[in-house]
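Report on the following structure.
Numbering of ligands and ligand atoms starts at 1, following listing order.
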Amino acid sequence: MKKRRILAAALALSMTAIPFLTACNKGGESGTGTSKTGDATGSVSEGDKGSQASSAEGGDTEYYVSDEKQKFSIFLNFNNMPFDPQWPVWQEVQKLTNVELEASIPQSNSDEAQAFQLMLSDNNLSDIIGYVDMTALEQLGFDGGLIPLNDLIKEHAPHIQKMLDEDDAFRRAATAADGNIYFIPRNQENRFAEFYWIRQDWLDKLGLAVPDTVDDLYKVLTAFKNDDPNGNSEKDEVPFFDRAGHKHPDEILYLWDSSIQFYPRDGHLMYDPMHENFKYAMEQACKWYKEGLIDQTYFTRGPSGRDELMSANQGGFTHDWSSASNYNKSLAKDVPGLEMVAMAPPKDQNGNRVERTVNMPGVGWGISVNAKNPEMVMKFFDFLFTEKGQTYMDWGLEGVSYDVNADGSKVLREDFLAKEGTPIGNLRAMGSRYRVGYASSLEAELSTYSEFARAAAELYQKNTDWYRPDVPPYADGQLQLKLTPEESAEFNRIMGPITTYVQETYTQWILGTKDFASEYDAFIAELENRNIARATEIMDSAYQRYLGKN
Ligand code: CA
């Protein structure tokens, strides 16, 4: 999170110096900027009619964005994989749409942020731009580097428009605080993100049931601590661990319906430490840490902490992604019987069962002011929201990575699954599952899952009541709400120091270097003194906007 904020700030700085509002923006949109553009636009409507006729005869121009070949430059780098038009999936997509894509980032480049900065500072925007940080993309939109897509979608992208009309989460992710759409998100049908995981083999060994409530969980973790479930006659178990150090307070406090984030309470956002649940949650967290139920060295555990604790047969319970179950297979030899299974979120002290982390539509791609034919780009974008386009992005190539069953469902091929590497990695190597605007299906998402991950996903997908409908996507430990640049600047100015103060104070309480009970009131006073009220007001205003109430 911190990294993103810094990046956004750096961007804001760099962009004030660059005039993006170039002259012929609107001209390009209407297709009358140059005679060439005009011709191309003219031939499109003809082409559309023609292609509809020819598709009835089985022609292959059904998905053409234009009879005249279109060429777009494209800035994309996903997980250190710069976009490559030569990927087999994209070869097919280009052929089908009559589009030629030209990558702006060299294949040798692995630093997405640096390449993005370079593009901005050179004022040399690609026609199509995707980037890891949606705040930065929207900022580029506010600054005039990306064009608003609302009208283009209405006119040229019926599949995207349909999704905007029918899917609130997609529309909310797409829409910036000024009401404009600057990028087409990557949508996801699955709701789940993270799960609660517990060692089923340890429960079995100690004759315990999967905990149903947070009080049951306390008893189970205490048994994990004291009763030697790993059987080495040492008290070396780490009952509750978490590899995401920066999310530690939240991962612990969720158990008692609290956090150190903003959260909706009775229709308005509140800073969770100001809510009554926080006091109880903090008392419990301190107690659990003191009794050794929580990882004693959580603050020095990096992302590899999970690997280390699982390999050492020491970790018992965590909140994490589906990959937490990979050890069942990868450590089958070294830790015989190891079985991480997903469990329902334990009921909190008020009897509620809530999962806060939720999958959300992610960042996709937008159209820059430099694009000569934005309407053609939009038609191209729309293709990936057709069933055909979605299939390429979800499944790769028929007969290569997947087959179609007699009932029309799709399945990854046995020989593809048997290939070296992970199925997702191999799909990405073909150009599928890339970070572009499209709608990923649940069926495809589950196709690469192990049986344990699939059981987890199905459990959480089925229980929709675990996800509060009034809560905006809670990703990466924070509510994903859209702020204007002005709101964002003021909010960060207030919350930067507050967040540091709260995190530091939390650690001191947990470690026992400061006493929670006697300092709680002073803590609240300090938050008020630092103007938590104004930060809450800004966030609540964004939340009311999210709900469509202002
Ligand atoms: Ca032990």
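Counting only protein atoms, the N, O or S atoms lying less than 3.0 Å from the Ca ion (ligand 1) are Asp228 OD1, Asn230 OD1, Asn232 OD1, Glu234 O, Asp236 OD1, Glu237 OE1, Glu237 OE2, ordered by chain and residue number.
Atom CG of Asp407 sits in a crowded spot, with more than 12 heavy atoms from other residues, nucleotides or ligands closer than 6.0 Å.
Using a 3.5 Å distance cut-off with no hydrogens or angles, the side chains of Tyr218 and Glu291 do pair a donor with an acceptor. At a cut-off of 3.5 Å, with distance as the only test, no side-chain donor of Tyr131 or Arg435 sits close to an acceptor on the other residue. A donor-acceptor pair shorter than 3.5 Å cannot be found between the side chains of Tyr402 and Asp394.
Using the six-membered ring where Trp is involved, His319 and Tyr196 have ring planes that are tilted, between 30° and 60° apart.
Side-chain N or O atoms of Thr536 include one that pairs as donor or acceptor with a backbone N or O of Ile532 at under 3.5 Å.
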